[in-house]
Protein chains: 2
Amino acid sequence: MLKEERHYHILDKIILDGKVLSADLSIELNVSEDTIRRDLNELSDKELIKKVHGGALPIDSNNLSYGERSNFNLEEKNIIAKKAVNLIKSGQVIIMSGSTTNLQLAKIIPADINATIYTYSLPIALQLTEHPSIEIIFIGGKLHKSAQVTVGLDVVSSISELRADLCFMGIGGINVLNGMTEPDWEVSHIKKCMISASDKVIALCTQNKVNETKRYTVAPINKIDTLVTDKDPNDLIFKDFKEKGVKIL
Amino acid sequence: MLKEERHYHILDKIILDGKVLSADLSIELNVSEDTIRRDLNELSDKELIKKVHGGALPIDSNNLSYGERSNFNLEEKNIIAKKAVNLIKSGQVIIMSGSTTNLQLAKIIPADINATIYTYSLPIALQLTEHPSIEIIFIGGKLHKSAQVTVGLDVVSSISELRADLCFMGIGGINVLNGMTEPDWEVSHIKKCMISASDKVIALCTQNKVNETKRYTVAPINKIDTLVTDKDPNDLIFKDFKEKGVKIL
DNA sequence: TTTAATATTGTAAAAAAACGCAAAATAACA
DNA sequence: TGTTATTTTGCGTTTTTTTACAATATTAAA
């Protein structure tokens, strides 16, 4: 086994177990404790772990990862995600659709939030596994390969059986007259279920989706509680939405 | 063999095995270690691999999941995967457990195979989305973060409702007397369901799991149809298994 | 404090890398 | 075609890295 492999193994184990013991690692990796100590010293020099008597501990960086990430991107979807993340409170049950905006949102949920999130998107679920306290329920079904989400009757029936406080929904198009619309029939159906399963519906919506209309209807405009957008909420484009009782963020 | 060919070979192997050793490559490609080192240097200059003492590692190993990275038995698991992949035929319905051996298997399913695969492992599902014709059904439920698989009652009940031809199962331990065993209660339960849902059970098993016994029983030895291993099937260690009617591959 | 576990330091041996050079293969070109 | 330049490769030598072992010092815990 290569030295770097051992290093990765040690880092993984430290994350998973919260600590490592030199003696354990020596047996596990089949090298002398001496070598392990040298490994720990190197990792410690790189400030990746905290070496202590008998082994090593993780370097505390809970807020680091969050801070690092949230500084990074300044694109539209991130603006939306940053606004939307404030709507999440501990204890809530949340459904997320499979949009990239929701993926960005999943990345920036603060570590101290403690909620249950239902999703049918593989990338979002994977992202959420890095969060320390979110409970993730993956909604199973037939996997749509390119979109990496599950679809089909299983998904529909699973969603209809649950109740959520919030539902974060990416949208295909939105428009005062036709409400929310989707280009894909199956997705439109799933989103209908999501809406009726949730107390509040939050639509995540980049500027370019406003006043678009797609083939299949999801819901009339008044079903939406809050529309989160990358633009100024006071923009004239949202006037009609406001009159229908939709909050703009 | 051309230099470029070697380069492709090295890159392939690094993706598949998670590492390469200069010494191995030298024998495998029939050139001196010197040449291999020069190859590795070039690939490393192009930032396609990470060269380390003794060989090289993939460059993006830090965004791999726990299971994919800290995985010393990858070569053995690959040998198993290569044997097991021949058992897959078009038209079959297959259940896969969440082991890394199954992940390796998922990577090498030939493109012309046309089957339906049920899984409850996020990494396996994600891997399978790259296959052109496999139909993937993801079994939903509560997500176990570090293992990146769904667990719980939802999974159990989903599995009990289906029928499969084959079931590829990673195992915690195996032993003629106690049969298949698992260290985790929930997993043991899920695997029981998998077995009773499948016509044939294929156990994927590295040498070191043989004659191990874990806390929870999954099934007696005669429930296993085929045991796929990285060792020679004629090894004496498998004698007792054969007498119980288990095929060894 | 005493004792057992863990660290440190120095050393030696083994493995691997780097270097320089020359032979061989390949490409370039008159 | 023959000649020359370039690339590729292998080999011996030197240097560096990695590792284990032993002796000694330090730490933590009973």
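When rounded to the nearest whole Å, the span between CG of L25(B) and C1' of dA15(C) equals 16 Å. Atoms CD (E33(B)) and P (dA18(C)) sit 12 Å apart, rounded to a whole Å. Atom-to-atom, CG of L40(B) to P of dT8(D) comes out at 15 Å; the value is rounded to the nearest Å. The distance from atom CG of L29(B) to atom P of dG10(D) is 11 Å, rounded to the nearest whole Å. When the P atom of dA28(D) is taken as reference, atom CG of L21(A) falls 15 Å away, rounded to whole Å. Spacing between atom CD1 of I27(A) and atom P of dT6(C) amounts to 11 Å, rounded to whole angstrom units. Rounded to whole Å, the distance from CG on D39(B) to C1' on dG10(D) is 13 Å. Computed from coordinates, the N30(A) CG to dA20(D) C1' distance equals 13 Å when rounded to whole Å.
Residues D165(B) and S198(B) bring no donor and acceptor atom of their side chains to less than 3.5 Å of each other.
The side chain of R38(B) sits closest to dG10(D) out of dC21(D), dT19(D), dG10(D). Nearest to the side-chain atoms of K51(A) among the listed nucleotides dT17(D), dG12(D), dT8(C) stands dT8(C). Of the candidates dT9(D), dA18(C), dG10(D), the closest approach to any side-chain atom of S32(B) belongs to dG10(D). Out of dT19(D), dA18(C), dA17(C), the shortest distance to the side chain of D34(B) is found at dA18(C). Among the nucleotides dT8(C), dA20(D), dA18(C), the one closest to any side-chain atom of N41(A) is dT8(C).
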*List the steps and the verdict of side-chain hydrogen bond (donor to acceptor under 3.5 Å, both in side chains) for S160(B) and S157(B).*
CA-CA 5 Å; S160(B) 9; S157(B) 73; 5.6 Å; no
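Between R37(B) and the phosphate of dT8(D), there is no side-chain N or O to OP1/OP2 separation shorter than 4.0 Å. Regarding contacts with the backbone of dA17(C), a side-chain N or O of S22(B) is found under 4.0 angstrom from either OP1 or OP2. Within the structure, a side-chain polar atom (N or O) of T35(B) is placed less than 4.0 Å from OP1 or OP2 of dG10(D).
Of the residues listed (L29(A), T35(A), N30(A)), the one engaging S32(A) in a side chain to side chain contact (heavy atoms under 4.5 Å, CB included) is T35(A), and it is the only one. With N175(B) as the fixed residue, the side chain to side chain donor-acceptor pair (under 3.5 Å) test singles out one of T213(B), D240(B), T181(B): T213(B).
Pairing each heavy atom of L40(A) with each of L25(A), the nearest pair is CD2-CD1, 4.5 Å.
Comparing E42(B) and L2(A), the nucleotide of DNA chain D nearest to each residue sits closer to the 5' end for E42(B).
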